[in-house]
Amino acid sequence: MKNELSIRTVLSVYEKIIDHGEVVDERHVLEGITGYTDHDGYTVYLEGLRVKLWTGFHNTYHLDYESERDAENFMKKLNYIDNNYD
């Protein structure tokens, strides 16, 4: 799964969620994906569809999911947001 996702895509999707999403409990939600950062803004989190993704330093990330299907659906949603929002 790690080779299917670029940090550039993660950050692009995060910005689109911030720009176009609805604010819910101090987080932004777009197309069922919630985006937020930690207190210092260095770690970006995207979560939804039973998946949680967080980025770290040096272009690293971690996906937490229970099934491959959940991860695939999450990736499809990230690609949808990236391709359909400016």
Side-chain angles (χ1 to χ4, degrees):
M1 185 62 64
K2 281 206 176 233
N3 295 331
E4 297 180 27
L5 184 62
S6 75
I7 296 301
R8 175 177 270 168
T9 300
V10 170
L11 296 177
S12 174
V13 169
Y14 172 75
E15 287 198 21
K16 291 172 182 183
I17 290 171
I18 297 303
D19 290 345
H20 301 285
E22 176 184 345
V23 177
V24 177
D25 297 328
E26 299 182 22
R27 297 176 180 191
H28 291 80
V29 180
L30 180 66
E31 299 282 341
I33 304 296
T34 302
Y36 58 99
T37 63
D38 61 0
H39 67 282
D40 59 12
Y42 286 113
T43 304
V44 170
Y45 298 90
L46 300 177
E47 60 184 50
L49 307 172
R50 296 185 295 256
V51 176
K52 185 172 185 176
L53 162 72
W54 60 94
T55 63
F57 289 103
H58 307 294
N59 294 325
T60 61
Y61 67 88
H62 178 78
L63 276 167
D64 187 17
Y65 56 91
E66 289 189 27
S67 76
E68 287 292 323
R69 183 176 181 149
D70 290 343
E72 289 171 9
N73 289 335
F74 181 79
M75 297 298 292
K76 286 178 186 176
K77 185 61 77 168
L78 295 187
N79 286 325
Y80 177 83
I81 291 170
D82 196 36
N83 292 325
N84 290 285
Y85 289 88
D86 290 322

Keeping the roles fixed (side chain from [X], backbone from [Y]), state whether a donor-acceptor pair exists under 3.5 Å.
X: H20; Y: D86; result: yes
X: N59; Y: I7; result: no
X: D38; Y: Y42; result: yes
X: K52; Y: E47; result: no
X: D70; Y: E66; result: no
X: D25; Y: R27; result: no

[X] to [Y] - nearest heavy-atom pair and separation:
X: G35; Y: Y14; value: C-CE1, 3.9 Å
X: F74; Y: G48; value: CD1-O, 3.4 Å
X: F57; Y: T60; value: O-OG1, 2.9 Å

Polar contact flag, side-chain donor to acceptor under 3.5 angstrom, S12-T9: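 No, no side-chain donor-acceptor pair sits under 3.5 Å.
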From the options L46, L78, V29, select the one residue that forms a side chain to side chain contact (heavy atoms under 4.5 Å, CB included) with I17.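 Answer to the side chain to side chain contact (heavy atoms under 4.5 Å, CB included) test with I17 among L46, L78, V29: L46.
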Looking at Y80, is K77 sitting on its ring face, NZ or CZ under 6.0 Å from the six-membered ring centre and within 45 degrees of the normal?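 Yes, cation above the ring, under 6.0 Å and within 45°.
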Mind running side-chain contact (heavy atoms from CB on, under 4.5 Å) on Y61 and L5 for me, showing each step along the way? CA-CA 9 Å; Y61 67 88; L5 184 62; 3.5 Å; yes
Using a cut-off of 6.0 Å, state whether more than 12 heavy atoms not belonging to D40 lie near its atom CG.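 Buried by this count: over 12 neighbours within 6.0 Å.
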Would you compute the distance between atom NZ of K16 and atom CD1 of I81 and round it to the nearest 0.5 angstrom?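 Reported to 0.5 Å precision, the distance equals 9.5 Å.
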Reported OH-to-NE2 distance for the pair Y45 and H62, which is rounded to 0.5 angstrom: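 Going from the OH atom of Y45 to the NE2 atom of H62 covers 11.0 Å.
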Could you check if a side-chain atom of T34 sits within less than 4.5 angstrom of a side-chain atom of H28, using non-hydrogen atoms only?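 The answer is no; the side chains never approach within 4.5 Å.
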Heavy-atom side-chain proximity of L30 to V13 below 4.5 angstrom: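 Side chain of L30 against side chain of V13, heavy atoms only: no contact under 4.5 Å found.
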Count I, L, V, M, F, W, Y as connected when their side-chain heavy atoms are under 4.5 Å apart, and connections chain through other members. Are L49 and W54 then in the same cluster?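 No, L49 does not connect to W54 through the hydrophobic network.
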Begin with the C-alpha distance, continue with both residues' side-chain angles, and end with the deciding distance and a verdict on side-chain contact (heavy atoms from CB on, under 4.5 Å) for D64 and V51. CA-CA 6 Å; D64 187 17; V51 176; over 6 Å; no
Verify side-chain contact (heavy atoms from CB on, under 4.5 Å) between L53 and V10, making sure each step is shown before the conclusion. CA-CA 9 Å; L53 162 72; V10 170; 3.8 Å; yes
